[in-house]
Amino acid sequence: MTYDELVTNIRNYTQVGPEEFTAPVLDTFITFAENRILREIDLDVFKKEMTGNVTAGNRFLTAPTDMLTHRYMLIKNYTTQVQVFLEFRDTSFMKEYWKDQSLTGVPKYFSVWDQNTFYLAPTPDLIYIVELGFIYRPTQLSSTNTTTWISTNAPEALFYACMIQAYSYLKGPTDMQAYFENSYKQAISGLGVEQQGRRRRDEYRDGMMRIPLKSDSPGP
């Protein structure tokens, strides 16, 4: 589904023209819809890994600018190359766990300090290599970026998510809101099953997936 096709479908289904559903309004619907999809399902195509460093005595780490949600963080000692996966905790836990932030040690936990920064505890005692796995925010579907992976491979989920936004904006009937919410959940569930199937099976190891066919008994 292209950008123009999505815009046309939203306006046709809601019977609301461009006077109210202007391009900026529709682009907001699309932003919220795409972000919801990316947050609710772990799509392999949007996984990314980045490597950086934390310095001794600095408990803060700058987050990637295109990060939507984090997946994991590990640190690696430069000398020994021993790596440790950090456990995610709330910031309040971190402050209670490592009260004296001037003290240093091998980091064990990380949390989100703000949208641009991670917070590590204990405060690093050395320079460590950091590897961060995250879901990145792809370029949004727009009039200048007319197709995306989501619009091509999950058009139903994108459309239903946009319609939820549209009817919320219009303060439309609750039954229509519920209809598109249920339709979205079915679409996202199907996409999730597809993703799990791709990760767990391959024809070489597991053989082709087969669907049993019911046949009538040949007897009398």
Side-chain angles (χ1 to χ4, degrees), residues 1-50 63-72 88 90 111-112 114-117 132-201 209 211:
M1 184 185 298
T2 67
Y3 174 81
D4 288 340
E5 289 171 340
L6 178 59
V7 166
T8 298
N9 287 333
I10 294 172
R11 287 172 175 162
N12 286 346
Y13 271 71
T14 58
Q15 297 183 333
V16 176
E19 297 80 12
E20 185 167 359
F21 277 178
T22 61
V25 170
L26 291 171
D27 287 345
T28 300
F29 294 166
I30 294 171
T31 297
F32 291 167
E34 289 182 334
N35 285 349
R36 179 175 180 178
I37 292 170
L38 291 170
R39 289 190 177 101
E40 292 187 355
I41 186 167
D42 196 10
L43 295 169
D44 292 338
V45 69
F46 298 123
K47 290 181 178 179
K48 185 185 284 191
E49 293 180 341
M50 291 189 67
T65 56
D66 60 346
M67 186 186 76
L68 185 65
T69 57
H70 65 270
R71 295 173 49 237
Y72 67 84
F88 183 74
D90 187 82
S111 68
V112 174
D114 58 34
Q115 64 178 357
N116 301 313
T117 314
L132 176 69
F134 61 98
I135 302 296
Y136 76 90
R137 182 183 286 102
T139 303
Q140 181 182 308
L141 185 71
S142 66
S143 59
T144 57
N145 187 47
T146 58
T147 59
T148 62
W149 189 95
I150 291 177
S151 74
T152 301
N153 295 278
E156 302 92 343
L158 178 60
F159 171 69
Y160 294 139
C162 286
M163 291 299 291
I164 293 168
Q165 295 299 322
Y167 274 94
S168 176
Y169 178 85
L170 295 171
K171 297 179 175 59
T174 56
D175 59 333
M176 293 301 296
Q177 282 273 58
Y179 169 78
F180 284 114
E181 187 69 42
N182 289 333
S183 297
Y184 167 78
K185 289 178 180 178
Q186 291 178 15
I188 210 73
S189 176
L191 185 58
V193 170
E194 179 182 306
Q195 287 290 304
Q196 290 178 354
R198 287 177 177 173
R199 295 173 192 164
R200 295 179 181 176
R201 297 184 60 90
M209 297 182 69
I211 300 175

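Not measured: the values here are computed from a predicted model. Below, all heavy atoms of this structure are taken into account, side chains as well, without hydrogens, waters or symmetry copies.
- Considering CG of L191 and CD1 of I150, their distance stands at 8.5 Å, rounded to 0.5 Å.
- Side chain of T152 to backbone of T148: a donor-acceptor contact under 3.5 angstrom is found.
- At distances below 3.5 Å, not a single donor-acceptor pair connects side-chain atoms of S189 with backbone N or O atoms of K185.
- Separation of atoms CZ (F32) and OG (S168) is listed at 9.5 Å; rounding is to 0.5 Å.
- Taken from CD1 in I30 to OG in S142, the straight-line distance is 8.0 Å, to the nearest 0.5 Å.
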**OP:** Go through Q177 and I164 one step at a time and tell me if the side-chain contact (heavy atoms from CB on, under 4.5 Å) criterion holds.
**Re:** CA-CA 6 Å; Q177 282 273 58; I164 293 168; 4.0 Å; yes
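- With values rounded to the nearest 0.5 angstrom, L68 atom CG is found 9.5 Å from D66 atom CG.
- More than 12 heavy atoms of other residues, nucleotides or ligands lie within 6.0 Å of CZ in F88, so this atom counts as buried by the packing criterion.
- Side-chain atoms of L38 and P138, non-hydrogen and from C-beta on, do get closer than 4.5 Å to each other.
- Side-chain atoms of E34 come within 3.5 Å of backbone atoms of L141 as a donor-acceptor pair (strictly under, hydrogens ignored).
- Under the 3.5 Å distance criterion, the side-chain polar atoms of R11 are matched with a main-chain donor or acceptor of F21.
- Looking at Y136 and P64, their side chains never come closer than 4.5 Å, going by heavy atoms from C-beta outward.
- Annotation for Q115: atom CD does not count as buried by contact number, only 12 or fewer foreign heavy atoms lying within 6.0 Å.
- Remark: side-chain polar atoms of S151 are paired, donor with acceptor, to backbone N or O of M1 under 3.5 angstrom.
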### Query
side chain to side chain donor-acceptor pair (under 3.5 Å) between Q140 and Y3: does it pass, once the steps are laid out?
CA-CA 10 Å; Q140 181 182 308; Y3 174 81; over 6 Å; no
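- Ring geometry for F159 versus F180: interplanar angle over 60°, hence perpendicular rather than tilted (30 to 60°).
- To the nearest 0.5 Å, atom OG1 of residue T69 and atom CZ of residue R137 are 9.5 Å apart.
- Here the side chains of L170 and E20 are in contact, with some heavy-atom distance below 4.5 Å.
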- Message: Pair D42, I135 - check side-chain contact (heavy atoms from CB on, under 4.5 Å), show working.
- Response: CA-CA 8 Å; D42 196 10; I135 302 296; 3.2 Å; yes
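- In this structure, the side chains of T14 and M163 come closer than 4.5 Å at one or more pairs of heavy atoms.
- Between E156 atom CD and I188 atom CD1 the span is 10.5 Å, to the nearest 0.5 Å.
- A perpendicular orientation is assigned to the rings of F46 and W149, their planes being inclined by more than 60° (bins at 30° and 60°).
- Residue A33 comes nearest to A161 through the heavy atom pair CB-CB, 3.5 Å, listed as atom of the first residue, atom of the second, then distance.
- At least one side-chain heavy atom of Y184 sits less than 4.5 Å from a side-chain heavy atom of E40.
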